[in-house]
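Scroll down for the structure; my scribbles are underneath it.
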Amino acid sequence: MALLQPFFYDKSLPKILNFSPTSTTPKVTNQLPTTSKDLVSRSLKHNHKKSYFSVRKHWKKCHAVAEEIVGGLSSSASSDDDQGEGVILSPSSQDEVAEYDWTEEWYPLYLTKNIPDDAPLGLTVFDKQVVLYRDGNGEIRCFEDRCAHRLAKLSEGQLFDGRLECLYHGWQYEGSGKCVTIPQLPKGAKIPQSACLKPYEVRDSQGVMWIWMSHKTPSNAKKLPWFENFVRPGFRDISTIHELPYDHSILLENLMDPAHVPISHDRTDFTAKREDAEPLFFEVTERTARGFAGWWGREKDRLTPNYIPNFLRFEAPCVLHNSREIIDKNNNKDYFSGLFLCRPSGQGKSMLIVRFGSTRKTPGLLKIIPQWYFHQNASKVFEQDMGFLSSQNEILMKEKVPTREQYINLKSSDTWVVEYRKWMDRVGNGMPYHIGHSTISLPKDPAVVEHAPAGFVANLSASQPAKGGIGDMHAPNVANRYFRHLIHCKDCRNALKAFRAWKNALSIVALVSTAVAILASGRQWKALLLFSTAMCLAGIHICTAAIAMNTTNFIRTHRRL
């Protein structure tokens, strides 16, 4: 959360320049409109129409402020006539349906550095299950996660001499997907030609492994996302990965909603304070079948001289990028990025790769803070949202109606949410399922509930028996921090392992030191040994606290304000 500061605060920014033409965000040449009159004037140039929809009858008691979006620019609508029952709308052109095929896209699978070297990894994209692993040459392979024999999950198998082995009957597959070993086959018998795996194309790009889901259409390199900031000199990022128990559309909706940060994440760190909750402004500058983009910021900052706000871009199928350029008092330009890669991992499930980074030099104090601390803080942020996002997911699936009939959207907070749901209206025809602003198509097949550990969970169970479900901390439950993050993060697993080792070592030293102190006759020796015990106990307490920070969910403390 500390890295969110450049996107929300401008107090220390003496000068902010336009984005360069080579940047991933477009250059803005005109001053942003600051009044409703300016907004309406600009919108009329686009010849966009106004229209209103009334919300359901039982909402009339709410007296919400009626507002709408005209041509992507915000303007207030009078609430005197309809008692505030208007909702955010966009031009009629947004109702057009665009050609779209969800399989002809690149999806973010995993942080490349976290792909295990010694075990296969089971992942999903919508309802398609895939297995990812490194073969004997270190090359990353990806196949459909089912053995050709009896459909057992290969992600629950193992690597044997660089080959992928199914642990059901021991069938082994080489890097091309061809089966090369069947233990039960008689001597001289040939392996069936059909004993092969269905491959998926994967590519490593900027530290993320991406998968092309179509078997009919060749991969399109132009659709592979590229983020210029991440290759700039001096750019450093903190990357984490999280498994979450709600749909990727709910996740994206939440991530493109800056208005909730001061309230939901109050005091998570110094960048989120509930007293900072205030009206925001939004300007949509681009709408295509591939997504949308635009500017946003705090309403009170719009009159600041030379002010250029944050730039947000949503790109199909599941990329959200928030960026900013800042010039400091020494005329040094710094680039900031908040990148969210959201993979749909099944009905009511998603996996998120978060990457916060900048070219600004890290202050001295932050340099000594370990990576695992930032990771556990990120876990806390997602846990603060998890309860109401899960319930929102449940209600949407239960009500089975578009969001227009359920949400009350405000122009001063919910513009991106409306834009995203309207984008789904346009392309939802090419998705397995969707809930848009005005349209909806529900999943044809019921959600699959796995009652046993699978994939990476089962692989770790071999070396860590408790991981298979013995004990609350290790139970395979997406509501559990250990399961949602640590099993996917090498850095945090290594940190947890180190803290446990230190705790055990300090416990032994404390026990020995106390025993020797009891037997010692000299006062000085007793005092020294007891001081040693006290220091060990302090170390044990620190290790215990660190272990709890990495494995225990955040629990919100309700307070009277």
Side-chain angles (χ1 to χ4, degrees), residues 1-5 111 113-114 236-243 265-272 354 356 362-384 386 460 463-467 470-475 477 479-520 524-557 559:
M1 284 295 293
L3 293 172
L4 287 176
Q5 188 180 23
L111 285 170
K113 66 178 182 179
N114 287 335
R236 295 169 299 277
D237 72 287
I238 296 175
S239 300
T240 66
I241 185 168
H242 305 268
E243 203 167 356
H265 309 305
D266 181 29
R267 267 63 184 185
T268 299
D269 61 24
F270 64 91
T271 67
V354 185
F356 277 112
T362 306
L365 183 61
L366 290 179
K367 288 181 180 179
I368 64 174
I369 299 178
Q371 289 280 321
W372 65 263
Y373 179 83
F374 290 110
H375 287 203
Q376 68 83 30
N377 196 58
S379 294
K380 178 168 67 175
V381 169
F382 291 115
E383 287 156 8
Q384 289 171 336
M386 195 161 58
L460 288 181
S463 58
Q464 302 178 30
K467 185 69 185 63
I470 302 175
D472 292 337
M473 186 179 73
H474 302 288
N477 183 349
N480 182 288
R481 182 181 294 189
Y482 187 93
F483 184 81
R484 285 185 295 100
H485 172 66
L486 262 76
I487 66 169
H488 300 292
C489 180
K490 286 184 178 179
D491 292 336
C492 289
R493 287 203 309 274
N494 290 336
L496 182 62
K497 183 178 179 180
F499 280 122
R500 284 173 171 166
W502 274 105
K503 181 179 179 181
N504 293 335
L506 290 172
S507 298
I508 294 173
V509 173
L511 183 62
V512 173
S513 179
T514 302
V516 174
I518 294 174
L519 299 176
Q524 291 181 342
W525 282 107
K526 282 182 178 290
L528 181 62
L529 289 168
L530 290 176
F531 176 77
S532 175
T533 299
M535 294 301 294
C536 288
L537 292 175
I540 292 171
H541 176 74
I542 293 174
C543 290
T544 301
I547 292 171
M549 289 175 69
N550 280 285
T551 58
T552 305
N553 278 18
F554 167 83
I555 299 177
R556 190 182 298 276
T557 301
R559 54 197 176 97

Nearest heavy-atom neighbours spanning Ile369 and Tyr373: CG2-CD2, 3.6 Å

Please check this pair: side chain of [X] against backbone of [Y], looking for a donor-acceptor N/O pair closer than 3.5 Å.
X      : Y      : value
His485 : Glu243 : no
Arg481 : Ala548 : no
Thr514 : Ala510 : yes
Asp491 : Trp372 : no
Asn504 : Arg500 : yes
Lys526 : Ala517 : yes

Rounded to the nearest 0.5 Å, what separation is found between the [atom1] atom of [X] and the [atom2] atom of [Y]?
X      : Y      : atom1 : atom2 : value
Leu111 : Thr240 : CG    : OG1   : 7.5 Å
Cys489 : Lys113 : SG    : NZ    : 6.5 Å
Leu529 : Ile518 : CG    : CD1   : 10.5 Å

side-chain contact (heavy atoms from CB on, under 4.5 Å) between Asn377 and Lys380, intermediate numbers included: CA-CA 5 Å; Asn377 196 58; Lys380 178 168 67 175; 3.3 Å; yes

Pair Ile238-His375, side-chain contact (heavy atoms from CB on, under 4.5 Å): steps then yes or no: CA-CA 8 Å; Ile238 296 175; His375 287 203; 4.1 Å; yes

Ring geometry between Phe382 and His242 (parallel below 30°, tilted from 30 to 60°, perpendicular above 60°): tilted

